[in-house]
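What follows is a set of notes on a single structure, which appears directly below.
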Amino acid sequence: MTAATPLGGSAPERPAASTAASPTATVPELIARNAEEHPHALAVTDGSTSLTYRELVDAASRLAAELAHRGVRPGSAVGLLCARSTRLVVAELAVWWAGGQVVPLDPAYPRPRIAEMTGDAGVRLTLGDKALLADAGLADDRVLVLTETGPSETGPAAGSPAAGPADRPAATPEAVALVHYTSGSTGRPKGVQVPHAAVADLATAPDSVMLGPGDRMLFHSPATFDAATFELWAPLARGAAVAVSPAERPTAEELARDVERFGVTTAFLTTALFHQLAARRSRIFGVLRTVVAGGEALAAEHAGAVLRAFPWLTLVNGYGPTEATTFATLHRVEPADCTGPVPIGRPFGGARTYVLDDGQAPVPDGTRGELWIAGTRLAVGYLGRPELTDERFRDLPGIGRAYRTGDLAVRRPDGTLEFHGRLDDQVKVRGFRIEPGEIEHALRAFPEVAEAAVVVRRAGREDAALTACLVPAEGTRPAPEALRRRLAERLPAHLVPTAWTVLDALPLTGTGKVDRRALAEDDTAPAPVREAEPATAATPLTPIQQVVAEAWSRALERPVTAPDADFFAEGGHSLLAMWVVDDLREDLGVELPLGDFLDHPTVAGQAALIERALLAADDAAADDAAPDDAAPDDTGAGAPAPAAHLLEPTR
Ligand code: ADP
């Protein structure tokens with residue numbers, strides 16, 4: 001590889017990397033500078049709205065003036081509940097321009113979760129899309145509806161003359177830029193306060209992923225996920241463009257199409273998604289120049305296969321907790337790395353890492369210890385949780401303020417770090433960070449649950465299952481399916497177990513703690529949460545239901561035969577859903593949005609959706625009176641012709 005490539009895995013020591021001074025400019029200032037130097041360069045597009053740097057800055061500063069008018073001051077927490085779009089980028093920048101902190105909210109989260117987050121963060125104003133704000137049940141006087149290009153519709157305060165847009169953003173490097181909520185072991189999510197200096201350091205570190213004018217970065221992560229910090233602000237701080245993937249939950253096909261149509265050069269993929277795309281040799285790797293995978297241990301097998309099939313691709317393993325702003329270390333993966341565990345690399349920008357023993361003394365290279373992170377990218381702490389902040393962020397002699405990650409690591413003699421798992425119970429499932437304690441807490445609140453332990457079975461694999469192990473309260477017979485539904489009303493989908501097992505007692509270790517390892521290894525219990533099926537004859541499936549059931553069976557790797565089978569109760573999850581949707585597209589020529597799929601989780605429900613889509617396609621074809629509606633799709637990547645012949649002759 002050429003010397004211009006960053007992250008050269010085998011390069012000699014790069015002493016500047018861990019000592020870089022903290023950047024003095026905030027990201028909004030860097031974007032303002034780019035707008036002055038390259039006003040007409042493309043900053044962001046979502047396919048329907050595109051803004052140059054000048055337009056982005058103008059739109060954000062106008063909206064900032066309105067926010068100021070609505071009472072947003074430096075330090076105010078402002079919620080953001082918006083579909084992934086150009087207007088979301090404008091809104092986030094506008095909050096910063098006004099000096100506020102962004103609290104990203106996820107439209108898919110249940111109402112009580114959103115209320116908990118906005119309450120905890122002291123959010124008094126939430127910007128977003130009208131329907132999403134209404135669904136979240138936020139009071140009218142606490143919301144500001146965004147229009148296509150970002151600035152708000154006339155709200156209660158609009159119309160009165162606001163002060164003109166401020167020339168310069170109000171944010172300072174020390175000010176909190178973002179509050180990212182992450183799972184909390186005591187049952188409450190914790191808000192990680194990320195300062196502007198940390199965002200700017202992540203976005204501009206010269207030895208991180210190479211990005212410059214002409215590059216396009218895919219923005220496809222949920223705004224609540226800290227990967228979005230990298231996806232948005234690294235390109236915009238450096239004069240590159242953001243290509244927004246607008247679907248709420250893009251399918252693999254939609255991702256590939258977005259990468260192609262926008263000519264995306266750089267993308268972050270959660271490790272789990274990378275593994276899945278790698279296993280299927282996705283065409284995405286043929287278009288992208290750089291892929292950063294991160295969130296869980298990267299499998300050498302998948303990394304090696306992708307590098308062999310796409311040798312020009314720059315593959316980077318990104319490691320880091322939200323508390324150190326998305327990535328603390330990066331490793332440019334070379335084929336030679338793909339024989340054993342793939343390293344997580346070295347700290348970059350203003351981050352520093354230390355491998356320490358229990359007494360916080362450094363361990364020799366080659367020895368396992370806990371990984372601590374220090375430097376510019378550290379979070380301010382956990383919002384409103386001073387004890388928790390003091391427990392995790394410590395002042396260490398000779399090191400300064402440092403965050404204890406709870407991750408085990410080994411430093412190789414060349415300074416490269418290896419990841420060796422967790423010291424505590426925290427788990428990762430498909431990129432989501434999960435404290436089992438949070439789910440256990442929620443489960444124990446149900447009267448029919450005496451004890452609960454949540455573990456991951458088949459961790460790190462495609463079929464990893466977040467598993468709830470329950471001990472019933474005396475005299476009760478908890479029905480897992482009902483518990484799962486009740487839990488889903490309160491917790492985000494990634495915190496709802498997909499497999500359930502009811503036990504007489506939880507196994508204990510010699511020291512009297514719950515033996516989580518035994519629970520995680522025990523794979524004898526049935527995975528689904530379906531209630532015992534009635535012994536009546538099975539209801540026959542319609543032809544379309546049959547196709548849906550077959551697609552599920554392939555994804556779930558077990559037979560699905562009932563029209564009322566529930567995808568989640570059968571052990572399904574969003575990543576598997578992505579493949580089912582792609583399969584159905586190929587089998588039937590019908591594109592089911594992932595959101596609709598998840599909203600109609602039964603075989604019959606999905607078959608009905610497909611039927612409606614087929615009828616609509618059929619009618620459209622009849623209107624066009626096309627002589628040959630089975631003509632091949634000229635997009636090349638498109639779906640086969642809709643399978644209208646499968647429709648029941650009932651219409
Ligand atoms: P992110 O969203 O950046 O992954 P989270 O705060 O959700 O950050 O999760 C951080 C944890 O995820 C780390 O402490 C570590 O346990 C795990 N992790 C993140 N990236 C990697 C990686 N590349 N390899 C192994 N584990 C990782």
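When reading the values below, keep in mind they use all heavy atoms of this one structure, side chains included, and skip hydrogens, waters and symmetry mates. Numbers for residues simply follow the sequence, beginning at 1. Indexing begins at 1, ligand by ligand and atom by atom, following the structure's order.
Residues D515 and T509 have side chains that never bring a donor and an acceptor to within less than 3.5 angstrom of each other.
With sequence neighbours excluded, no residue satisfies ring pair (Phe, Tyr, Trp, His ring centres under 6.0 Å) with H220. F219 meets the ring pair (Phe, Tyr, Trp, His ring centres under 6.0 Å) test with no other residue; sequence neighbours excluded. Here P321 pairs with Y319, E323, A324, I373, Y403, T405, R433 under the side chain to side chain contact (heavy atoms under 4.5 Å, CB included) rule; sequence neighbours left out.
Every protein residue with a heavy atom nearer than 4.0 Å to ligand 1 is included here: F225, D226, G295, E296, A297, N317, G318, Y319, G320, P321, T322, T326, I344, D407, F419, R422, K428, R433.
Between T389 and R401, the closest heavy-atom pair is CG2-NH2, 4.4 Å.
Ring to ring, F348 and F327 are not that close: their centroids are 6.0 angstrom or more apart.
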